[in-house]
Protein chains: 2
Amino acid sequence: MTSPATRQAKQARGDLFDPDCPTRRLLDRIGTKWTSMVIKVLADAGDGEVRFADLRRRTPGVSQKMLSVTLQSLTRDGLIARRVEPTVPPKVHYRLTDLGRSLNVPLTALRDWAEAHMVEIDRANAVQSAESTRGANRST
Amino acid sequence: MTSPATRQAKQARGDLFDPDCPTRRLLDRIGTKWTSMVIKVLADAGDGEVRFADLRRRTPGVSQKMLSVTLQSLTRDGLIARRVEPTVPPKVHYRLTDLGRSLNVPLTALRDWAEAHMVEIDRANAVQSAESTRGANRST
DNA sequence: CGGGATCCAGAGCGATACTG
DNA sequence: CAGTATCGCTCTGGATCCCG
C-alpha cells in the first residue's frame, strides 16, 4: 500500500510529482487481493447490510484474517460502514457508504472491460507461447 | 499475479467460480506498480510511439528493470506493441494497441475517481487517527 | 461469532553490474 | 540504447492459535 516511508523518501528527494498521482494509491487499495470482490459483494447486496460470516461465504477462498484486514482497510478509508450489535454472540454488519458506492461505478466499468476483453489477453499470451515454442521459422 | 497453481488448486477443490472472475486477473496486472502509469504515458502520447528512454524519463521513479518487466508483460498481454529499429545503437518504440487504448477508457474513469475522491479517503483516515488519539470522549 | 496475534512462504520490486 | 541477471529487502497473504 505504498508505505509512508516510501513517499517520505520521494518527497525528501525533491520530486513532488507523486502527490499528483492518487491513481497509484487507489490501485494499491483496490489491487489488494480481496478488496474489489468485497466491494462487489456489498454492492450486489444493494443498500442492505451483510454480516461477517455472510461476506466470508460470498467471497469464496478468503481467509477470515484477510477478510478482517480487508474490511478494516475499507472501513478506515470510509468506503464501508461497520455496525455492531452488542448481543452476546456479537453480530457485525457491513454496508457500502456513499463513497464506496461511487467507487463501485468506475470499478464496475473495469469489471465489464475485464469480462469483455480478458479472453483477448489470454489469446495474446497464447500466441506468444506458440511463437517461442516453435524455434523461429518465418518464411514459408 | 495469481499463479496458475492457485487456480488449479481451486478448480481441483471443485469451485469453478473463479474463471468467471477475470476482474481479479485484470487487477493483478494493472495493480502492478508501474503498469497503469505506463499505459497513461503511452495514452497521453496519442497514437505516437515512445522510445524506452523516453518512457523511463516520463515515468519518474521507475527503474530500468521494472520498466522492462512491465513493458514485457504489457506486450505479452497484447496491450502495447513493440517495434525495433535494427540500428547499431538499437532503438525500440512502444505504442498502445487498440486493446490497450480500450483498456485506457475504464482506467481513465478510475483515475478521475481517484483524483476526485482520494481526499475524502484521506480525510476518513485522518478521522480514524484522531479518534484513536484522544481516548474516547463522545458526548459534549 | 467475530476478530486479533503470530509465524512463515512467496511475490514485488529496487540497486547494482554486465551484455549486444 | 535497451535489456538481462543476481541479490536482498519488504510486504502480501495464508495457516494456525487464542480471546471477548
Side-chain angles (χ1 to χ4, degrees), chain A residues 1-10 13 15 18 24-25 27-38 49-76 80-94 132, chain B residues 1-7 9-10 13 18 24-25 27-38 49-76 80-94 132:
Chain A
M1 299 254 183
T2 309
S3 69
T6 304
R7 303 183 60 226
Q8 286 260 342
K10 290 194 175 178
R13 271 178 35 236
D15 23 352
D18 203 3
R24 166 94 50 76
R25 299 181 48 216
L27 282 172
D28 282 343
R29 290 156 198 264
I30 66 174
T32 199
K33 196 165 185 181
W34 303 103
T35 307
S36 64
M37 189 170 300
V38 168
E49 299 181 315
V50 183
R51 293 187 50 189
F52 188 91
D54 279 341
L55 270 171
R56 192 173 172 192
R57 223 170 309 116
R58 300 191 203 185
T59 313
V62 74
S63 63
Q64 90 292 25
K65 169 194 166 182
M66 288 318 297
L67 180 55
S68 179
V69 169
T70 302
L71 290 170
Q72 281 179 24
S73 293
L74 288 170
T75 305
R76 268 199 315 273
I80 65 177
R82 210 179 99 116
R83 185 174 65 86
V84 184
E85 276 189 75
T87 55
V88 175
K91 301 181 182 180
V92 187
H93 305 260
Y94 295 92
S132 58
Chain B
M1 297 254 183
T2 309
S3 68
T6 304
R7 304 184 60 225
K10 288 194 173 177
R13 272 177 37 235
D18 202 6
R24 167 93 49 77
R25 297 181 50 215
L27 282 172
D28 282 343
R29 290 156 199 265
I30 66 174
T32 199
K33 195 166 187 181
W34 302 104
T35 307
S36 64
M37 189 170 301
V38 167
E49 299 182 315
V50 184
R51 292 187 50 190
F52 188 92
D54 279 342
L55 270 170
R56 191 174 173 191
R57 223 171 306 116
R58 301 191 203 185
T59 314
V62 75
S63 63
Q64 87 295 28
K65 171 193 165 180
M66 287 319 296
L67 181 55
S68 180
V69 169
T70 302
L71 290 171
Q72 280 179 25
S73 293
L74 288 170
T75 304
R76 268 200 313 275
I80 67 178
R82 212 180 100 114
R83 184 174 66 86
V84 185
E85 275 189 75
T87 56
V88 174
K91 302 182 181 181
V92 186
H93 305 259
Y94 295 91
S132 58

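The sequence lines fix the lettering, A, B, ..., with proteins before strands; numbering per chain opens at 1. Just so it is clear, the model here is predicted, and its values are computed rather than measured. The figures here come from the full heavy-atom set of this structure, side chains too, leaving out hydrogens, waters and symmetry mates.
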Where is the tightest heavy-atom contact between [X] and [Y], given as atom of each residue plus distance?
X: A/Thr35; Y: A/Arg29; answer: OG1-O, 3.1 Å
X: A/Leu27; Y: B/Ser36; answer: CD1-OG, 3.2 Å
X: B/Pro89; Y: B/Thr87; answer: O-OG1, 2.6 Å

**Asked** Salt bridge or not for A/Arg25 and A/Asp28, using N-O below 4.0 Å?
**Response**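 A/Asp28 and A/Arg25: not salt-bridged.
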d([atom1], [X]; [atom2], [N]) in whole Å:
X: B/Arg56; N: C/dG14; atom1: CZ; atom2: C1'; result: 11 Å
X: A/Arg29; N: D/dT12; atom1: CZ; atom2: P; result: 12 Å
X: B/Lys33; N: C/dG14; atom1: NZ; atom2: C1'; result: 8 Å
X: B/Trp34; N: C/dC13; atom1: CH2; atom2: C1'; result: 10 Å
X: B/Ile80; N: D/dA2; atom1: CD1; atom2: P; result: 13 Å
X: B/Arg24; N: D/dT12; atom1: CZ; atom2: P; result: 16 Å

**Request:** Indicate yes or no: at least one non-hydrogen side-chain atom of A/Leu71 is less than 4.5 angstrom from one of A/Leu55.
**Result:**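 Yes; the side chains approach each other to less than 4.5 Å.
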**Message:** Is the shortest side-chain heavy-atom distance between B/Arg57 and B/Asp54 below 4.5 Å?
**Reply:**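 Side-chain contact under 4.5 Å: yes.
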**Message:** Is the phosphate of C/dG12 approached by B/Thr32 (side-chain N or O, under 4.0 Å from OP1 or OP2)?
**Reply:**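 For C/dG12, OP1/OP2 do not have a side-chain N/O of B/Thr32 under 4.0 Å.
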**Request:** Considering just the side-chain nitrogens and oxygens of A/Arg51, establish if one lies under 4.0 Å of OP1 or OP2 belonging to C/dC1.
**Result:**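 For C/dC1, neither OP1 nor OP2 has a side-chain N or O of A/Arg51 closer than 4.0 Å.
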**Asked** Is the backbone of A/Lys33 close enough, under 3.5 Å, to the side chain of B/Arg24 for a donor and an acceptor to pair up by distance?
**Response**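 Indeed, once roles are kept as given, a pair shorter than 3.5 Å links the two residues.
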**Message:** Between B/Thr59 and B/Val38 (side chain of the first, backbone of the second, donor and acceptor by atom type, cut-off under 3.5 Å), is there such a pair?
**Reply:**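 Absent.
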**Item:** Strand-adjacent residues in residues 81-92 of chain B, judged by heavy atoms under 4.0 Å from DNA chain C
**Value:**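 Heavy-atom contacts with DNA chain C come from B/Pro90.
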**Stretch residues 62-72 of chain B: residues that reach within less than 4.0 Å of DNA chain D through a heavy atom** =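 Result for residues 62-72 of chain B: B/Gln64, B/Lys65, B/Ser68, B/Gln72, sorted by number.
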**Asked** Which residue, B/Arg51, B/Glu85, B/Arg82, forms the side-chain hydrogen bond (donor to acceptor under 3.5 Å, both in side chains) with B/His93?
**Response**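 For B/His93, the side-chain hydrogen bond (donor to acceptor under 3.5 Å, both in side chains) test succeeds with only one of B/Arg51, B/Glu85, B/Arg82, which is B/Glu85.
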